[in-house]
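I have placed the structure first, in the form of structure tokens, so that the comments after it can refer back to it.
Protein chains get the first letters and strands the later ones, always in sequence-line order, with residue 1 at the start of each.
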Protein chains: 2
Amino acid sequence: MIRLTAKDEDYLETIYRISKTSDTVGVTEVAKARKVTVPTARTAVARLAKDGLVRQQHYGKIILNPSGKKLGEEIFAVHRILRQFLTDALLIEPQLAEQEACRMEHGLSKTTLRRLRLFLEAITNCGGGDPKCLSSYRKELLAK
Amino acid sequence: MIRLTAKDEDYLETIYRISKTSDTVGVTEVAKARKVTVPTARTAVARLAKDGLVRQQHYGKIILNPSGKKLGEEIFAVHRILRQFLTDALLIEPQLAEQEACRMEHGLSKTTLRRLRLFLEAITNCGGGDPKCLSSYRKELLAK
DNA sequence: CAATAATGTAAGAGTCGTCTTACTTTGTCA
DNA sequence: TGACAAAGTAAGACGACTCTTACATTATTG
């Protein structure tokens, strides 16, 4: 089981996100997205490559290996859950929610994430004026 | 304005917490609490001392300066809010909530923390079966 | 197709945060 | 009160992560 640092998770997530909207991922793009210098992004990519998550030919583009893609996807999913909690439950502005999610997303347990997901579902259903609100969350939780 | 790293925030919080139940704080206690070696804790204390947050005489105990106490208190308060959210809203077991709070507590904005606080109040009031639930949170939010 | 722009790489330095090993000081108690 | 235990310190190492400066390769375009 690969154990990444928080920073490397950030880089992998960034690469994953870029790769979804662009068919090539360059070091420069990563650097810009993470607001670091190009050499810094490069060393990060080198670390990820050492772990087999990405590969890159000399002067070539960054390519996600299957394991890297999978992990990037997972990290991004966590990010989305947190962001959704911030926007939908706390009513935080999208832009701030995006930042804050970055800060909270590392190293959370599967348990907490699963419960956060359930909680969000409960909240969302509640939006239509349904008064059962959180009690439904509690029931679901007890059912697992 | 002092800008601590996440780790140093952890150390300061630890020192603050120990100081609340014990009238002297030693490097060894800090090391044990943070699960690091004694020299590691020592270098962390040295960093905090450099920032004027704590002081320590040679071979002496660690003492929180006023600024350190204030900041430690603030950091701990954030920790408590997150822990409460995890236990009271998500119904996470206390022990896990304690850990997870540690991971989420760094670098959150005042806005997010304030809203989380309000949200918790709304949830708590909702516990008695009051159907207004989250709508009260939304109202309060708009009123600020 | 050659000059230039864009992109990527190398080398070297510095801080943070951790460790190990070894040493010093302080406190205790026989 | 002196030996030993407990606590603290020093020195040196290492990886992560960042920077700057300088160099190499690739793409573009005039």
- Between C:dG8, C:dC16, C:dT21, spot the one nearest the side chain of A:Gln56, thanks. C:dG8
- Note on the structure: Between NE2 of B:His58 and P of C:dT26 the distance, given in whole Å, is 8 Å
- Counting heavy atoms not belonging to B:Gln57, are there more than 12 under 6.0 Å from its CD? no
- When you measure from the centre of the six-membered ring of A:Phe76, is the NZ or CZ of A:Arg80 under 6.0 Å away and within 45° of the axis? yes
- Rounded to whole angstroms, how far apart are NZ on B:Lys7 and C1' on C:dT15? 15 Å
- Message: Do B:Leu53 and B:Leu4 have side chains that approach each other closer than 4.5 Å (heavy atoms only, starting at C-beta)?
- Response: yes
- Sub-3.5 Å donor-acceptor pair from the side chain of B:Arg103 to the main-chain atoms of A:Leu108, do we have one? no
- Touch check for B:Thr37, heavy atoms < 4.0 angstrom, all strands: base, sugar-phosphate only, or nothing? base
- Task: In whole angstrom, give the distance that lies between atom NE2 of B:His106 and atom C1' of C:dC16.
- Result: 15 Å
- Task: Starting at atom CD of A:Gln57, determine the distance to atom P of C:dT7, rounded to an integer number of angstrom.
- Result: 19 Å
- Message: Looking at B:Lys35, I'd like to know whether one of its side-chain N or O atoms comes within less than 4.0 Å of OP1 or OP2 on C:dT18.
- Response: no
- Task: Check every strand shown and say whether B:Thr5 touches a base, only sugar-phosphate, or nothing at a heavy-atom separation below 4.0 Å.
- Result: sugar-phosphate
- Residue met sooner reading DNA chain D from 5', once A:Ala6 and A:Pro39 are mapped to nucleotides: A:Ala6
- Whole-Å distance separating the CD atom of B:Glu9 from the C1' atom of C:dC16: 15 Å
- Task: Could you tell me the separation between the CZ atom of A:Arg42 and the P atom of C:dA11, rounded to a whole number of Å?
- Result: 10 Å
- Item | Distance, nearest 0.5 Å, that separates CG of A:Leu96 from CZ of A:Arg83 | 12.5 Å
- Picking from C:dC19, C:dT9, C:dT25, which would you name as closest to the side chain of B:Thr40? C:dC19
- For DNA chain D, which nucleotides open and close the run of contacts to chain B, 5' to 3', at under 4.0 angstrom from a non-hydrogen atom? D:dA7 to D:dA10
- Item | Any pair counted as ring-ring contact (aromatic ring centres under 6.0 Å, His included), so long as it reaches residues 19-59 of chain B, sequence neighbours left out | none
- Query: C:dT26 P sits how many Å from B:Lys61 NZ, rounded?
  - Reply: 12 Å
- Task: From the options C:dA11, C:dT26, C:dG17, select the nucleotide whose nearest atom is closest to the side chain of B:Arg47.
- Result: C:dG17
- Message: Assess the residue pair A:Phe85 and B:Phe85 against the criterion (ring-ring contact (aromatic ring centres under 6.0 Å, His included)); give the C-alpha distance rounded to whole Å, side-chain angles, the decisive distance to 0.1 Å, and a yes or no.
- Response: CA-CA 12 Å; A:Phe85 167 71; B:Phe85 166 71; 4.9 Å; yes
- Message: Rounding to an integer number of Å, can you tell me how far B:Asp8 CG sits from C:dC16 P?
- Response: 8 Å
